[in-house]
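Below: one structure, written as C-alpha cells.
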Amino acid sequence: MLLTSNVHRVLLHVSAFSLSQVNSQRLFSVEYAVKLLKKLVDDGNFKLGKAVHALLVVSSHASEDHIIQNNCLINLYSRCGQLAVARRVFDRSSQRNVVSWSILMAGYLHNGYAWEVTKLFKDMISVDKIFPNEYVLSTVLSSCSSGGLLHEGRQCHTLVLKAGLVFHQYVKNALLSLYTVSSDMEGVLEILKSVPGLDIITYNSVLKGFLDHGYTSEALDVFSRMLAHGSAGDSVSYVNIFGLCARFKDLKLGKQVHCRMLKSGLQLDVFLSSAIMDMYGKCGEISGARYIFDSYANHNVVSWTAILAANFQNECFEEALKLFLRMELQDVIPNEYTFAVLLNSCAGLSALGCGKTLHARVEQTGHGAFVVVGNALINMYFRSGHIEATRALFSSMICRDTVTWNMIISGFSHHGLGEEALDVFQHMLAAEEQPNYVTFVGVLLACGHLGRIEEGFYYLQHLMRDIGLEPGLEHYTCVVGLLGKAGKLDEAENFMRSTPVTWDVVAWRTLLNACNVHCNYGLGKRVADHLLQLNPNDVGTYILLSNMHAKVKRWDGVAKIRKLLRERNIKKEPGLSWTEIRNETHVFVSDDTQHPETAQIHEKVRKLLADIKPLGYVPDTASVLHDVEQEQQEGYLSYHSEKLAVAYALMKTPSQAPIHVIKNLRICDDCHSALKLISKVTMRMIVVRDVNRFHSFQDGSCSCADYW
DNA sequence: GTAGGGTTAG
C-alpha cells in the first residue's frame, strides 16, 4: 500500500493525467515495463520515462540483471541527450549483449561523440568478445563517416565483407555514405555496381553524395534511373533535386521537376516546401515561391526563412520585412538564418533604423554571436554607409569566416577606402584565412581605386594562381577598370582584346565609363556602338555617350541622341532617392511635386545652389537634362532626386548629423559637383549610395576622388 | 529492446 502511494506520488509529480497511462501494479512485470518504456521513448515522453525508471528504483524493481529492461533504459537516456546516465546504466548492468552495445553506440553517435563509438566498438570485441551484427556495423560506419575516421571506416568495410553483410540495406547505405564523405565517388560507383538492390534511401544518399561532390550529371542520372525503375522518389529525393536546380539557377529544370512531382501525387511537407521555395527564389521566380508558401500550412522557422530569403533574393526587401511580422504573429521563433535574411533586407534598403532595432534584438537573444548574423550586420552597416559601426563590429567579432573578410574588403573598396581594404587583405593572409574568388574581386577593386596597376596584376597573375584560383570574368573586368581609371585606355582595350573570355555588358560599360571620364571620344564612340549592338535599348549607354558629346561640346550629338531616345520611346528609369530620418523613410523622385513640402524643399535647393555659386559651382545643364522629360515646361526648374533628398535631410536633421541618401541610379556629374560644395558650405558629411558605390562628401571633396 | 537519406544566410 505504501509502495503504491509512493508510485502515485512519483507519477503525479510528472504529470496530472499521465497516471492513467501507467498501471503501477503491472509495472513490476518486466514485460510491461519494457513495453511501456519503448512506447514512451517512441512518443518522446522522456519525462514520464524517467519517472518510470525512478519508480523501478524506488520499488527495488530495477533489476540490474535484466538485459532488455536495461537496454530500454539506456535507450531512454541516450535519446534524451543524457549520455552520462545512459552510460551509468550500461556500466552497472551485470549482463549486456550486442543490443546494449548497439544502443549505447547510437547514443554516442547522435549526441555528437562519433569518435567515441569506435572505442566502444573495440571494447565490445576485445572485452565482451561479441562479434558485430548489422546494427552495430551500420552505426559504427555512420560514426566513421560523421567523425571523419576514414581509415577506421575502411577497416570496417573488411569486417562487413567478412560478416557477409554487404547486401544488408542499412549496412550498404552506411558504407556508401562513408565513401561519399571520403570523396571517393569511384568507390561509390563500385559498390553500386557490385551490390545490387537499391532502396529509396540508397538512391537518395547516393544522389546527395553526387550533388555534394559536384557530380551533377551523375546525380541526375541516379534520379532518372530511380524513376525508371519504378521507384517514384519521395520528398527527400525531390528536396535534393530542387537543391540542384537552385544551385545552378536552372528554372527550366526546376519547373520540369516540379511538374513531375505534382504528377506523382507527392504531398508537400515542410522540407519539400522549403526546398521548392528556395529553388524558385534563387531562380528569380518569386511568384513560384509565394505560391508554394500559400499552398502549405504548417510552416516552421526554416520554411518561413526560406520564403523571406526568396523575397530578399528577388529584391523584395520590404516584403521580406513585412512577412517577418506575420511570422512573429504566428509565434514562430526566428533563428540565426532568419535574422541574417532580415538584416540583409535592411541592407538592401539601407534601412538603418530597422537594422539597428534588429541589431539590438540579436544582441538580446544571443544570435549576434553567429557568423552569419555578424556578417549580415557588417553588410547592413556598410550598405547604410556607417563605416565606423562596421569597423567596431569587425574588431569585436569572435567568429569570422571568409565571407566576413570578403565583406570588409569589398565594403572598404566600395567606399573608396582602398588602403584600408588592402590592409585588411594582408591581415586576412596573416590570419591564414584562405582567400577565395570573391576576395580577389574586392582586392582588385581596391587596387583600382588606388591606381596600383602593378600590384593588381601581381594578384591576378601570381597570387591567385599560387593559391590555385582561376581568375574569372569579374576579375578581368576589375583589371579593365583598373587600367581605365589610370587613363591607360588603349591598354585596357588591348587587355580586353587579348584576354580569352566572353566579355559582358558590365565590362564594356566599365571601359566606356573610363572613356567618358578621360574624355576619350574616339574609343568611347566605338565602345558605345559595340554596347548598342549588344543592347540597342540600353539607356545607360546613351547617357554616357551623350555625356561624352557634351564634354567635347558636340551639341548636335547630344541633340541627336535625345531625338533618338524620343523616337524609340526609350525611357530612363525614374531617378529615385531616399533618406531615413528618425526611423522614417522619405522617398524623392526627380522633378517630384507630390511631396507635401515641395515648395520648401525647392526653396532650400535654390538657396543651397546660390550658396555654392561663389565657390565656383556652374550648373552642368547637359548632365541635368538627361533626367528630365523633354516636354519639360519652359522656365520650370527641375532638380534631381538626390538634391531634393539632401535638401530635405538638411532641413530636418540637427546641424552636425551626417546625411545618408540612397539612389537607384548612378549619380550624375552635376549633382556630384554640387554635393561636394554643399558639404563644404554646410559643414556636413553627406554619404550617397548609388547603384555602383558610395560617395562620401566632406569639406568639398568626395571619397571617390571624382571617378565613378 | 537497436540502425539509414532532407530544408533556410553570403
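These values consider heavy atoms only, across backbone and side chains, with no hydrogens, waters or symmetry-generated copies. Order of the sequence lines fixes the chain letters, A, B, ..., with proteins taken first and strands second; residue numbering starts at 1 for each chain.
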DNA chain B contacts made by residues 398-414 of chain A, counting heavy atoms under 4.0 Å:
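Going residue by residue through residues 398-414 of chain A, the ones with a heavy atom under 4.0 Å of DNA chain B turn out to be A:D401, A:V403.
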For DNA chain B, determine which residues of residues 99-107 of chain A have any heavy atom closer than 4.0 angstrom to one of its atoms, and list them numerically.
A:V99, A:S102, A:I103, A:A106
Any base atoms under 4.0 Å from [X], or only sugar-phosphate, or nothing? Heavy atoms, all strands.
{"X": "A:I200", "answer": "base"}
{"X": "A:R96", "answer": "nothing"}
{"X": "A:H168", "answer": "base"}
{"X": "A:A309", "answer": "sugar-phosphate"}
{"X": "A:N173", "answer": "base"}
{"X": "A:V270", "answer": "base"}
{"X": "A:K39", "answer": "nothing"}
{"X": "A:S303", "answer": "nothing"}

[X] [atom1] to [N] [atom2]: how many Å, rounded?
{"X": "A:D278", "N": "B:dT8", "atom1": "CG", "atom2": "C1'", "result": "7 Å"}
{"X": "A:F167", "N": "B:dA3", "atom1": "CZ", "atom2": "C1'", "result": "20 Å"}
{"X": "A:L272", "N": "B:dT8", "atom1": "CG", "atom2": "P", "result": "12 Å"}
{"X": "A:L176", "N": "B:dA3", "atom1": "CG", "atom2": "P", "result": "20 Å"}
{"X": "A:L178", "N": "B:dG5", "atom1": "CG", "atom2": "P", "result": "13 Å"}
{"X": "A:L141", "N": "B:dT2", "atom1": "CG", "atom2": "P", "result": "20 Å"}
{"X": "A:L244", "N": "B:dT7", "atom1": "CG", "atom2": "P", "result": "13 Å"}
{"X": "A:Y238", "N": "B:dG5", "atom1": "OH", "atom2": "P", "result": "21 Å"}

Does A:Y238 have its ring centroid less than 6.0 Å away from the ring centroid of A:F223?
yes
Hey, are [Y] and [X] close enough side-chain-wise for a donor-acceptor pair under 3.5 Å?
{"X": "A:S237", "Y": "A:D234", "value": "yes"}
{"X": "A:R87", "Y": "A:Y77", "value": "no"}
{"X": "A:N240", "Y": "A:N204", "value": "no"}

Under 4.0 angstrom between [X] side-chain N/O and [N] OP1 or OP2:
{"X": "A:Q313", "N": "B:dG10", "result": "yes"}
{"X": "A:K172", "N": "B:dG5", "result": "no"}
{"X": "A:R247", "N": "B:dT7", "result": "no"}
{"X": "A:H367", "N": "B:dA9", "result": "no"}

Parallel under 30°, tilted from 30 to 60°, perpendicular over 60°: which one fits the rings of A:F440 and A:F425?
perpendicular
Under 5.5 Å between ring centres and under 30° between planes: does that hold for A:F271 against the base of B:dT7?
no
Centroid under 5.5 Å and tilt under 30°, A:Y337 to B:dA9
no
Counting only side-chain heavy atoms from C-beta out, which of [options] sits nearest to [X]?
{"X": "A:F312", "options": "B:dA9, B:dA3, B:dT7", "value": "B:dA9"}
{"X": "A:S235", "options": "B:dG4, B:dT8, B:dG6", "value": "B:dG6"}
{"X": "A:K208", "options": "B:dG6, B:dT8, B:dA9", "value": "B:dG6"}
{"X": "A:N133", "options": "B:dT2, B:dG4, B:dA9", "value": "B:dT2"}
{"X": "A:N204", "options": "B:dG5, B:dG6, B:dA3", "value": "B:dG5"}
{"X": "A:K38", "options": "B:dT2, B:dG4, B:dA3", "value": "B:dT2"}
{"X": "A:N344", "options": "B:dG5, B:dT7, B:dG10", "value": "B:dG10"}

Does [X] contact [N] through a side-chain donor or acceptor facing the base, at a distance under 3.5 Å?
{"X": "A:D269", "N": "B:dG6", "result": "yes"}
{"X": "A:D234", "N": "B:dG5", "result": "yes"}
{"X": "A:D199", "N": "B:dG4", "result": "yes"}
{"X": "A:Y135", "N": "B:dA3", "result": "yes"}

A:E328, CD: over 12 other non-hydrogen atoms inside 6.0 angstrom:
yes
Set of residues satisfying side-chain hydrogen bond (donor to acceptor under 3.5 Å, both in side chains) with respect to A:T402, sequence neighbours excluded
A:E433
A:F317: partners by ring-ring contact (aromatic ring centres under 6.0 Å, His included), with sequence neighbours left out
A:F312
Could you go through residues 264-271 of chain A and list every donor-acceptor pair under 3.5 Å that involves a side-chain atom there, pairing it with any protein atom two or more places apart or in another chain?
residue, atom, partner, partner atom, Å
A:S264, OG, A:M261, O, 2.8
A:S264, OG, A:L266, N, 3.4
A:D269, OD1, A:F271, N, 3.0
A:D269, OD1, A:L272, N, 2.7
A:D269, OD2, A:S235, OG, 2.9

Give me each pair satisfying salt bridge (Lys or Arg N to Asp or Glu O under 4.0 Å) with a member in residues 276-296 of chain A, each pair once, sequence neighbours excluded.
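Every pair satisfying salt bridge (Lys or Arg N to Asp or Glu O under 4.0 Å) with a residue in residues 276-296 of chain A: A:K255-A:E285, A:D278-A:K282.
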Measure the CE-CG distance between A:M407 and A:N375 for me, rounded to the nearest 0.5 Å.
5.5 Å
Check step by step if salt bridge (charged side-chain N to carboxylate O under 4.0 Å, His left out) holds for A:K322 and A:E319.
CA-CA 5 Å; A:K322 278 186 197 152; A:E319 186 62 26; 5.0 Å; no
